[in-house]
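Structure, as structure tokens:
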Amino acid sequence: MASVLVAAGLWQVLTATDARLWLRFDRLPTLDEIAAEAARQLATPVYVLDLLQSLIRILTGFGLATVAGVAAGVALGRSARTRDVLLPLLEVVRPIPAIALVPVAILLFPTDEQGIVFITFVAAFFPIAVSTRHAVRALPTLFEDAVRTLGGARRHVLWHVVLPGILPGVFGGLSVGIGVAWICVISAEMISGEFGVGYRTWQAYTLVDYPAVIVGMATIGLLGWLTSAAVELVGRRITRWLPRGERTTT
């Protein structure tokens with residue numbers, strides 16, 4: 001928290017003194033103005049509605065991307081035929097920024113809400129799928145050979161070797177995916193949303209309400225931090241069986 005407090009204190013000093021050190025801090029609101037705007041928004045039901053709407057969108061898209069990304073990553077890592085069929089298509093689509101698919105989502109889906117969830121899904125899907133695929137490919141074949149030698153079938157290898165073994169790689173992809181998903185869902189809300197933190201932040205910008213813009217930015221950052229921390233916490237709990245490095249004290 002010390003680094004956050006130092007940054008906030010520096011912001012207050014530069015904005016309160018109207019500093020113009022090449023960067024024009026005299027145009028930015030002070031912490032007092034931002035805090036007053038935050039208190040005003042917290043007292044309104046619209047702020048809570050925007051929070052819930054953005055969370056529903058991110059959790060829906062990210063949840064679907066987790067299931068599809070892990071399944072696709074395992075299939076690509078385990079099956080040569082699947083790689084031959086799907087990998088060229090996925091590699092062509094993967095470099096396209098998810099936010100660039102907004103026009104397609106608007107035309108494709110009957111409601112804007114479904115389109116925003118689709119954009120969030122696409123943004124999170126590829127980091128998860130790629131990390132899962134590489135995790136599968138990195139598994140030592142010794143473990144699978146041992147299960148096969150003991151009479152295990154493919155389902156035993158998948159359940160007892162592949163899925164536990166790829167968990168660290170999967171959660172690495174999930175951490176990246178949740179961050180990218182937040183970037184894209186906020187951008188999609190700015191373009192085609194009617195509710196949500198991104199929509200409200202962009203609306204404040206068009207109205208030249210800069211304290212509300214900063215409140216929206218801070219809300220986005222806080223939501224992203226909390227969801228990323230939740231993913232990492234779940235990952236640590238699920239992979240408690242992994243060996244950890246000893247912490248040394250001096």
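If you're wondering where the values come from, they're calculated on a predicted model, not measured in any experiment.
- In this structure, CD1 in Ile186 is found 13.5 Å from CH2 in Trp202, a value given to the nearest 0.5 Å.
- Ile128 and Leu86 are not part of a single hydrophobic cluster, where members link through side-chain heavy atoms under 4.5 Å apart.
- Residues passing the side chain to side chain contact (heavy atoms under 4.5 Å, CB included) test with Leu21, sequence neighbours excluded: Leu14, Ala19.
- Rounding to the nearest 0.5 Å places OG1 of Thr239 at 7.0 Å from CG of Leu167.
- Each of Val122, Leu108, Ile106 was scored for a side-chain contact (heavy atoms from CB on, under 4.5 Å) with Leu101, with one residue passing: Val122.
- Side-chain contact between Leu174 and Phe62 is present, with heavy atoms from C-beta onward closer than 4.5 Å.
- Placement of Val136 and Val161 within a single hydrophobic cluster is found when ILVMFWY residues are connected by side-chain heavy-atom separations under 4.5 Å, directly or transitively.
- Ser131 and Gly173 make their closest contact through OG-CA, 3.3 Å (heavy atoms, listed as atom of the first residue, atom of the second, distance).
- Taking OG1 of Thr132 as the start and CZ of Phe171 as the end, the distance is 10.5 Å to the nearest 0.5 Å.
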Stepwise, does the side-chain contact (heavy atoms from CB on, under 4.5 Å) test hold for Leu233 with Arg236? CA-CA 5 Å; Leu233 178 61; Arg236 287 197 300 269; 3.8 Å; yes

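- Chaining together hydrophobic side chains whose heavy atoms lie under 4.5 Å apart places Leu52 alongside Val48.
- Side-chain atoms of Leu28 and Tyr210, non-hydrogen and from C-beta on, never get closer than 4.5 Å to each other.
- In this structure a side-chain-to-backbone donor-acceptor pair under 3.5 Å is missing from Ser79 to Leu76.
- Taking both residues in full, the closest heavy atoms of Ala100 and Pro103 are given as O-CD, 3.4 Å, listed atom of the first, atom of the second, then distance.
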Apply the test salt bridge (Lys or Arg N to Asp or Glu O under 4.0 Å) to residues Glu189 and Arg57: give CA-CA distance (whole Å), side-chain angles for both, the deciding distance (0.1 Å), then the verdict. CA-CA 10 Å; Glu189 287 177 348; Arg57 289 165 175 168; 2.8 Å; yes

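- At least one donor-acceptor pair under 3.5 Å links the side chain of Thr120 to the backbone N or O of Ile116.
- Taking hydrophobic clusters as Ile, Leu, Val, Met, Phe, Trp and Tyr residues chained together by side-chain heavy-atom distances below 4.5 Å, Leu10 shares a cluster with Met217.
- When atom types are taken as modelled, the side chain of Glu33 and the backbone of Thr30 share a donor-acceptor pair closer than 3.5 angstrom.
- Here the CD atom belonging to Gln12 is positioned 13.0 Å from the CG atom belonging to Leu5, to the nearest 0.5 angstrom.
- In this structure, CZ on Arg137 lies 10.5 Å from CZ on Arg78, to the nearest 0.5 angstrom.
- Residues Trp182 and Ile178 form a side-chain contact, since some pair of their non-hydrogen atoms from C-beta on lies under 4.5 Å apart.
- Residues Ser54 and Tyr199 have side chains that never bring a donor and an acceptor to within less than 3.5 angstrom of each other.
- Cluster annotation: Leu163 is connected to Val231 through the hydrophobic network of ILVMFWY side chains, with a link wherever side-chain heavy atoms come within less than 4.5 Å.
- Hydrophobic cluster membership differs between Met190 and Ile99, with clusters built from Ile, Leu, Val, Met, Phe, Trp and Tyr side chains linked at under 4.5 angstrom.
- Across Gly216 and Val197, no two heavy atoms sit closer than the pair O-CG1, 3.8 Å.
- Taken to the nearest 0.5 Å, the CG atom of Asp26 stands 10.5 Å off from the CG atom of Leu23.
- Between the side chain of Asp50 and the backbone N or O of Gly196 there is at least one donor-acceptor pair closer than 3.5 Å.
- Residues Gly169 and Ala135 approach most closely at CA-CB, 4.0 Å, considering heavy atoms.
- Other residues, nucleotides and ligands contribute more than 12 heavy atoms inside 6.0 Å of the CZ atom of Phe109.
- Minimum heavy-atom separation, Thr15 to Pro29: CG2-O, 3.7 Å.
- Minimum interatomic distance between Ala188 and Ile119 (heavy atoms only, all atoms of both residues): CB-CG2, 4.3 Å.
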